[in-house]
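Notes for the one structure printed next.
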Amino acid sequence: MSKKFTGPKGTRDFLPYHMETRDRIVEMIKEVFKLYGCYPWDGPAFEYLETLTRKSGEEVSNEIYVFKDKSGRELGLRFELTASIARMIASNPSLKKPIKGFSIGKVWRYENPQQGRYREFLQMDADIFGANNMLCEVELLDMAKNILGRIGFDDYCIQLNNRKILAAQVRCAGIDQEKELDVFRALDKLNKIGPGGVRQEFLNRGMSEKAYEDCMRYIITRGTNQQKIDEMRGLLAKDEKGIEGLNELSQILGYAKEISLDKRIMVDYTLVRGLDYYTGPIFEIQIGKGEQVGSIAGGGRYDQLIELFGGTPTPAVGISFGIERIIDLVESNPVLSERYKGNPPLLLVIYLSPELSGHAFRITEAVRQAGLSADIDLAMRSFKKQIQYANEKGYPYVLFVGEDEIRNDSYGLKDMKTGEQEVLRIERVIERLKAVGRPA
RNA sequence: GUGGGCGUAGCUCAGUUGGUUAGAGCAUCAGACUGUGGCUCUGAGGGUCGCGGGUUCGAAUCCCGUCGUCCACCCCA
């Protein structure tokens with residue numbers, strides 16, 4: 001060990017114990033997706049650069065890992081899962097709609113790492129294609145509710161807005177369409193930097209004081225969701241598209257009420273999201289106030305993306321979960337990290353002397369054949385060392401294989417927690433261990 | 001990409017105004033202890049002090065650069 005190597009900036013190694021927590025969370029989320037009839041699907045980890053940059057937004061495009069292959073083709077690592085999936089749906093028009101699917105994969109973004117932000121991270125998406133009803137949005141949010149509930153988060157909040165409303169606000173404020181994105185970015189910060197900061201943002205982005213005043217008249221931050229929607233209805237009364245957006249929010253809240261999810265939702269007219277392909281409702285989910293790692297999930301409707309990839313016009317909506325952030329939160333919570341921490345195998349088979357290791361190996365195999373996780377010391381260590389090892393690594397049971405046991409065809413099964421020990425035939429050992437019913 | 005804090009053993013950290021051979025606790029491995037773990041005791045391994053350059057008789061210590069890390073901006077998962 002003369003030279004030390006570190007992983008590239010913003011990447012992490014996952015040691016066994018940590019990795020098992022990850023696996024268990026991922027499995028749990030997969031289960032929920034399947035519960036809703038989502039099929040798994042996946043695309044390549046890299047795409048032609050133009051596929052990735054299509055309507056993704058300037059900021060995110062700057063974060064793409066770009067490279068050329070040997071033929072000079074411009075490629076990029078995916079920075080999210082949606083582009084590949086949308087391309088896939090566009091080029092397979094015969095898929096029966098509506099269709100739901102989920103995808104899990106690492107994505108890469110070239111940005112400065114800090115808490116909850118990495119250059120390589122795992123994302124899990126669920127998407128629905130071929131249905132433009134708001135029931136889709138609520139179904140995705142319901143998945144999120146289920147996932148967060150199962151993991152053990154009970155303090156989360158869903159922020160909801162609609163791109164149609166944002167666009168209408170800009171129109172009604174009489175601001176040039178070209179400045180639309182600048183306005184969005186500035187408004188996005190209201191919660192963080194306050195009205196004064198937003199005014200400064202407007203000026204920095206080359207807009208007038210008046211533009212700021214005009215826009216702020218269309219931002220409502222107080223009241224219940226219903227009040228916010230009603231009030232905005234008045235402000236945008238002449239804008240057909242804006243009213244459409246408000247109707248969509250009402251529908252979402254209506255469906256959400258059916259499943260008692262409406263209390264979690266907060267209409268937030270400053271929510272923007274960075275990706276440019278959204279066309280309708282957009283949402284972000286935070287644990288608590290999001291102070292620890294920011295949003296842990298986000299998504300929205302992107303009805304025009306399939307068309308952009310050369311497919312027939314197909315409505316689409318999706319949600320994306322940030323697994324690193326979810327796991328960071330699980331691991332920083334004492335109760336949850338205990339719940340999801342990895343377990344050693346159920347049993348360590350201990351041999352009294354190296355000559356008996358062959359017999360012990362046979363016993364181990366029998367336990368494994370029965371579907372129970374079992375282990376045997378591979379280092380040929382002393383009896384004493386083996387039991388010490390079992391204790392330190394936390395095996396709940398050990399089985400002793402010695403001369404006497406082999407002669408009697410019965411083995412000492414010891415519960416490491418209570419210290420109790422019984423001598424049993426191997427079939428009985430397996431029965432006993434099966435009754436423990438612990439996840440292997 | 002911009003600004004700031006921090007890099008000493010696997011981990012958490014000591015290390016005096018620059019001064020011989022860089023320390024502790026925990027962890028790891030071995031032994032005390034050859035058919036029963038958790039305790040205790042003893043010992044061992046593990047560091048070109050992130051890396052490179054400079055100042056100096058002499059650098060873990062001061063200076064510059066670089067890489068990594070954390071934080072803020074930006075943006076988000």
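Everything numeric in this text was worked out from a predicted model, so none of it was measured. Each chain gets a letter, A, B and so on, in the order its sequence line appears, and its residues count up from 1. Values reported hereafter were calculated over all heavy atoms of this structure, with side chains retained and with hydrogens, waters and symmetry mates removed.
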Check your understanding: What do you reckon, are the aromatic ring centroids of A:Tyr65 and A:Phe79 less than 6.0 Å apart?
Key -> no
Exercise for review: Return the nucleotide paired to B:U2: Watson-Crick means purine N1 to pyrimidine N3 with N6-O4 or O6-N4, wobble means G-U with N1-O2 and O6-N3, both under 3.5 Å.
Suggested key: B:A72
Check your understanding: Can A:Asp415 and A:Lys417 be counted as an ion pair, charged N to O under 4.0 angstrom?
Key -> no
Review point. Should the pair A:Glu427-A:Arg425 be classified as a salt bridge under the 4.0 Å nitrogen-to-oxygen rule?
Key: yes
**Study point:** Out of B:C73, B:C74, B:G35, whichever nucleotide has its closest atom nearest the side chain of A:Leu352
**Key:** B:G35
Point to revise | B:G23 versus B:A44 - spacing of their P atoms, nearest Å | key: 13 Å
Point to revise | Distance between C1' atoms of B:G31 and B:C71 (Å, rounded) | key: 48 Å
Practice item. Find the partner of B:G37: check Watson-Crick (N1-N3 plus N6-O4 or O6-N4) and G-U wobble (N1-O2, O6-N3) distances, both under 3.5 Å, and reply none if neither fits. Key: none
Check your understanding: Say you pick atom P in B:U12 and the same atom in B:G58; how far apart are they, in whole Å?
Key -> 34 Å
Check your understanding: Taking the C1' atom of each, how far is B:A14 from B:U8, in whole Å?
Key -> 10 Å
Practice item. Would you mind reading off the distance between A:Leu190 atom CG and B:C75 atom P, rounded to a whole angstrom? Key: 14 Å
Review point. When you compare B:A24 with B:G54, how far apart are their C1' atoms, in angstrom units rounded to a whole number?
Key: 33 Å
Point to revise | Touch class at under 4.0 angstrom, heavy-atom based, for A:Asp404 against every strand present | key: base
Point to revise | Nucleotide of B:U36, B:C33, B:G35 approaching A:Lys384 most closely (side-chain heavy atoms) | key: B:C33
Exercise for review: Apply the test side chain to side chain donor-acceptor pair (under 3.5 Å) to residues A:Asp23 and A:Tyr340: give CA-CA distance (whole Å), side-chain angles for both, the deciding distance (0.1 Å), then the verdict.
Suggested key: CA-CA 9 Å; A:Asp23 277 352; A:Tyr340 293 104; over 6 Å; no
Review point. With no angle test and no hydrogens, is the base of B:G1 tied to the side chain of A:Glu63 by a donor-acceptor pair under 3.5 Å?
Key: no
Practice item. Determine the Euclidean distance between corresponding P atoms of B:G38 and B:A27; express it in Å to zero decimal places. Key: 13 Å
Check your understanding: On a plain distance test, is the side chain of A:Arg185 in donor-acceptor contact with the base of B:C75 below 3.5 Å?
Key -> no
Exercise for review: Using the C1' atom as the reference point in each nucleotide, state the distance between B:U28 and B:G10 in Å, no decimals.
Suggested key: 8 Å
Check your understanding: Within the modelled atom types, does a donor on one side and an acceptor on the other bring the side chain of A:Gln114 and the base of B:U69 under 3.5 Å apart?
Key -> no
Review point. From B:G1, B:G37, B:A77, pick the nucleotide closest to the side chain of A:Asn112?
Key: B:G1
Point to revise | RNA chain B: 5'-proximal contact among A:Pro113 and A:Arg381 (nearest heavy atom) | key: A:Arg381
Exercise for review: Look through every strand shown and name the nucleotide pairing with B:C26 as Watson-Crick or G-U wobble, where both distances are under 3.5 Å.
Suggested key: B:G10
Exercise for review: Using a heavy-atom cut-off of under 4.0 Å over every strand shown, decide if A:Tyr389 touches base, sugar-phosphate, or nothing.
Suggested key: nothing
Practice item. Could you work out which one of B:A30, B:A77, B:G68 sits closest to the side chain of A:Lys9? Key: B:G68
Practice item. Would you kindly check whether a donor in the side chain of A:Arg273 faces an acceptor in the base of B:C75, or vice versa, at under 3.5 angstrom? Key: no
Check your understanding: Between A:Glu248 and A:Lys164, does at least one N-O distance fall below 4.0 Å, as a salt bridge requires?
Key -> yes
Practice item. List the atom of A:Gly105, the atom of A:Leu81, and the distance in Å for their closest heavy-atom pair. Key: N-CD2, 4.1 Å
Practice item. Could you tell me whether A:Ala297 contacts a base, only the sugar-phosphate backbone, or nothing, with contacts defined as non-hydrogen atoms closer than 4.0 Å? Key: sugar-phosphate
Check your understanding: Does any nucleotide pair with B:G47 by Watson-Crick or G-U wobble geometry, both distances under 3.5 Å, and what is it?
Key -> none
Review point. Can A:Phe121 be called stacked on B:A77 when the rule is centres closer than 5.5 Å and an angle between planes below 30°?
Key: yes
Exercise for review: May I ask you to say what A:Tyr118 touches in the nucleic acid, namely base, sugar-phosphate or nothing, with a heavy-atom cut-off under 4.0 Å?
Suggested key: base
Study note, to complete from the structure: Testing B:C75, B:G38, B:G35 for proximity to the side chain of A:Lys189, the answer is B:C75
Check your understanding: Among B:G31, B:G38, B:G35, which is the nearest nucleotide to the side chain of A:Lys385?
Key -> B:G31
Exercise for review: Quickly, which of A:Gln386, A:Lys393, A:Glu392 forms a side chain to side chain donor-acceptor pair (under 3.5 Å) with A:Tyr389? Name it, please.
Suggested key: A:Lys393
Check your understanding: Closer to the 5' end of RNA chain B via nearest nucleotide, is it A:Ser320 or A:Thr418?
Key -> A:Thr418
Practice item. Quote, to the nearest angstrom, the P distance that separates B:G65 from B:G3. Key: 11 Å
Review point. Hey, does the side-chain of A:Gln115 have a donor or acceptor N/O within less than 3.5 Å of a partner on the base of B:A72?
Key: no
Point to revise | Atom pair distance, as rounded to whole Å: CG in A:Leu348 and P in B:U36 | key: 17 Å
